[in-house]
Amino acid sequence: MALDAGTGSIRAVIFNLEGEQIAAGQAEWIHLAVPDVPGSMEFDLQKNWQLACQCIRQALHEAHLPASAIRAVAACSMREGIVLYDKAGEPIWACANVDARASREVSELKEIHDFEFEREVYECSGQTLALSAMPRLLWLAHHRPDIYRQAATVTMISDWLAYMLSGELAVDPSNAGTTGMLDLATRNWRPELLDMAGLRADMLSPVAETGTRLGYVTAAAADACGLKAGTPVGMGGGDAQLGTLGLGLVRPGQTAVLGGTFWQQIVNLPQAITDPEMNIRVNPHVIPGMAQAESISFFTGLTMRWFRDAFCTEEKTMAHRLGVDAYSLLEDMAARVPVGAWGVTPVFSDAMHFKNWYHAAPSFINLSIDPEKCNKPVLFRALEENAAIVSACNLDMIASFSGVRAKSLVFSGGGSKGKLWCQILSDVTGVPVNVPVVKEATALGCAIAAGVAAGVYSSLAETGEALVRWEREYQPDVANHAKYLVQKANWQEVYADQLRLVDRQLTTSMWKAPGL
């Protein structure tokens with residue numbers, strides 16, 4: 001069983017030993033905005049543990065399985081979300097990854113050592129300050145000293161789930177690496193970074209690699225969630241890293257595009273190396289000794305949902321009558337639009353610039369008043385092309401500092417359901433695109449970690465490769481690729497101009513990193 005704690009929901013997913021999903025339970029959770037604390041998104045520990053238990057029971061019920069059938073359990077979660085515990089091991093405070101209360105503290109930390117502290121953090125950990133744990137801890141020290149003084153241990157949300165099951169506290173490198181306090185090379189904490197930030201360095205948990213056995217389900221946890229007491233609890237990890245394990249990406253050079261609400265482009269690096277320009281995030285992989293370059297395209301899936309819901313009521317109604325997905329209907333319409341979408345240029349997510357990360361105002365550039373060249377299918381295709389172009393730009397930046405250029409891509413997540421989108425991604429990047437059968441790669445990777453911890457599987461890498469199955473493959477069209485190279489260059493110039501409008505305060509940025 002995998003417990004998958006995402007930004008918006010918690011899921012318990014049961015797999016058989018061949019990696020086939022048997023059942024799942026899911027519940028949405030609500031992050032708590034604290035009155036008078038802008039950007040705050042606290043994580044309700046008591047309520048969310050109840051929801052996790054509810055999901056476990058739901059999955060067992062749906063599978064018609066006794067608790068004894070579960071050989072092992074592990075947890076994965078959103079990165080950056082943290083949990084604090086007191087000396088007695090009681091969880092006392094937590095926030096989700098979307099918590100953005102610490103903008104002022106980000107700015108303060110950036111100024112340490114004449115603005116060189118952030119570079120030291122990045123070169124050591126692969127993270128910048130905007131999303132790291134240190135500004136949030138500093139915020140607590142400034143504004144909630146009662147909680148800060150009580151804090152004896154810090155973990156990630158996946159580790160909290162494992163702790164609630166087993167009573168054992170530890171962190172794994174793949175998720176803890178996103179705190180900005182863990183060394184990429186040694187895969188262990190760097191306490192001196194906390195010292196430099198003026199924070200206590202005595203609250204760092206033990207580090208255990210993904211797939212090690214953390215402990216066993218306690219009697220109290222068994223009573224709460226319905227699992228059998230004594231069931232092995234394995235060390236899980238970060239959702240994206242376990243997702244690539246579930247896709248079989250366990251060797252250097254392998255590359256994935258994860259197409260969800262945000263799109264992530266992830267490249268396996270043979271060793272820990274960071275970007276001299278600080279544009280790209282670098283995380284520990286769940287495979288020891290390997291790192292992953294990760295770039296992010298903002299709101300890609302959310303933008304498509306906005307377009308569908310705001311402008312495509314007729315297509316949604318028709319899709320409902322036909323019993324098909326509205327996106328599938330829109331793709332069929334967009335497939336008849338020429339490559340390049342008549343020059344329409346969407347401006348939404350920028351390529352990733354981790355050190356100085358902000359976006360232009362959302363817009364469409366170069367619209368036409370010719371209804372044949374500017375309509376819903378044209379705009380829909382333009383959005384799909386743009387998502388692929390931003391992914392290609394991010395992959396180019398990764399290749400420029402790492403020397404690793406993808407020979408093929410694995411495309412998964414909601415975006416990979418669209419056959420047109422898959423072909424566009426192949427045409428834009430110029431490499432084959434493979435779509436896996438499994439749609440729950442993150443949960444599968446987490447279940448593999450549980451199986452390794454229980455001795456069911458021999459290793460993470462071997463099992464990840466063995467369980468992956470492929471559904472479809474797309475080959476790039478050479479002529480289309482040449483057209484998209486021109487379109488990509490044009491988009492980069494247009495976006496740069498749109499950012500200057502934000503700089504002049506003439507338009508409003510779609511998103512800015514905390515501290516900017």
Side-chain angles (χ1 to χ4, degrees), residues 253-259 263-267 295 297 300-301 303-304 307 327-352 364-368 370 372-400 404-436 470-496:
Q254 291 179 314
T255 301
V257 175
L258 310 181
W263 276 28
Q264 295 156 293
Q265 302 83 34
I266 299 179
V267 179
S295 53
S297 308
T300 307
T303 300
M304 302 304 284
F307 183 81
Y327 289 120
S328 177
L329 188 62
L330 286 163
E331 273 214 332
D332 290 342
M333 297 163 63
R336 296 190 285 272
V337 176
V339 169
W342 298 110
V344 173
T345 304
V347 174
F348 289 88
S349 178
D350 194 3
M352 189 170 182
F364 286 100
I365 303 297
N366 204 32
L367 297 180
S368 167
D370 182 344
E372 295 299 316
K373 295 183 178 181
C374 187
N375 51 43
K376 283 185 281 189
V378 170
L379 297 181
F380 187 83
R381 182 179 184 113
L383 287 171
E384 290 203 339
E385 291 179 338
N386 185 244
I389 285 171
V390 176
S391 292
C393 290
N394 282 331
L395 291 173
D396 287 345
M397 285 195 292
I398 292 171
S400 69
V404 178
R405 187 169 292 278
K407 296 180 180 178
S408 65
L409 299 177
V410 174
F411 188 29
S412 74
S416 67
K417 296 176 183 177
K419 295 181 180 180
L420 175 63
W421 220 346
C422 295
Q423 186 61 57
I424 288 173
L425 182 62
S426 180
D427 290 348
V428 169
T429 57
V431 298
V433 167
N434 296 290
V435 178
W470 303 108
E471 182 180 277
R472 290 173 275 133
E473 182 180 12
Y474 297 82
Q475 293 293 331
D477 181 292
V478 175
N480 288 349
H481 178 59
K483 293 177 183 177
Y484 281 130
L485 287 177
V486 175
Q487 190 172 339
K488 181 173 71 170
N490 291 343
W491 175 83
Q492 288 173 309
E493 288 199 36
V494 168
Y495 205 100

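Everything numeric here is computed off the predicted structure, so don't read it as measured data.
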Within the structure provided, determine whether [X] and [Y] are in side-chain contact (heavy-atom separation under 4.5 Å).
X: Leu367; Y: Val344; answer: yes
X: Val390; Y: Trp263; answer: no
X: Met397; Y: Ser295; answer: no
X: Thr429; Y: Leu409; answer: yes
X: Thr300; Y: Thr303; answer: no
X: Met304; Y: Leu383; answer: yes
X: Cys393; Y: Gln492; answer: yes
X: Asn366; Y: Val494; answer: no

Looking at every non-hydrogen atom in both residues, tell me the closest pair between [X] and [Y] and how far apart they are.
X: Tyr474; Y: Cys422; result: CE1-CB, 3.4 Å
X: Gln475; Y: Gln423; result: O-NE2, 2.9 Å
X: Val428; Y: Ala392; result: CG1-CB, 3.8 Å

query = Applying the side-chain contact (heavy atoms from CB on, under 4.5 Å) test to Ser412, which of Val435, Leu258, Val257 qualifies?
reply = Leu258

ask   = By salt bridge (charged side-chain N to carboxylate O under 4.0 Å, His left out), which residues pair with Glu471, not counting sequence neighbours?
value = Lys439

message = Determine whether a donor-acceptor pair (N or O, by modelled atom type, separation under 3.5 Å) exists between the side chain of Glu331 and the backbone of Lys419.
response = yes

request  = Please answer whether the main-chain N or O of Asp477 pairs with a side-chain N or O of Asp427 as donor and acceptor at a distance below 3.5 Å.
outcome  = yes

Side chain to side chain donor-acceptor pair (under 3.5 Å) with [X]: which residues, sequence neighbours excluded?
X: Ser349; answer: none
X: Lys376; answer: Glu315
X: Ser426; answer: none
X: Ser416; answer: none

Could you give the distance from [atom1] ([X]) to [atom2] ([Y]), rounded to the nearest 0.5 Å?
X: Phe380; Y: Trp421; atom1: CZ; atom2: CH2; answer: 6.5 Å
X: Ser391; Y: Gln264; atom1: OG; atom2: CD; answer: 10.5 Å
X: Ile424; Y: Tyr484; atom1: CD1; atom2: OH; answer: 4.5 Å
X: Asn490; Y: Ile365; atom1: CG; atom2: CD1; answer: 13.0 Å

inquiry  = Among Tyr495, Phe364, Trp491, which residue satisfies the ring-ring contact (aromatic ring centres under 6.0 Å, His included) criterion with Phe348?
reply    = Phe364

request  = Verify whether one side chain among Gln265 and Thr255 offers a donor that lies under 3.5 Å from an acceptor in the other.
outcome  = no

request  = Return each pair, listed once, that meets salt bridge (charged side-chain N to carboxylate O under 4.0 Å, His left out) where at least one residue sits in residues 384-399; pairs must be two or more places apart or across chains.
outcome  = Arg381-Glu385, Asp396-Arg405, Asp396-Lys488

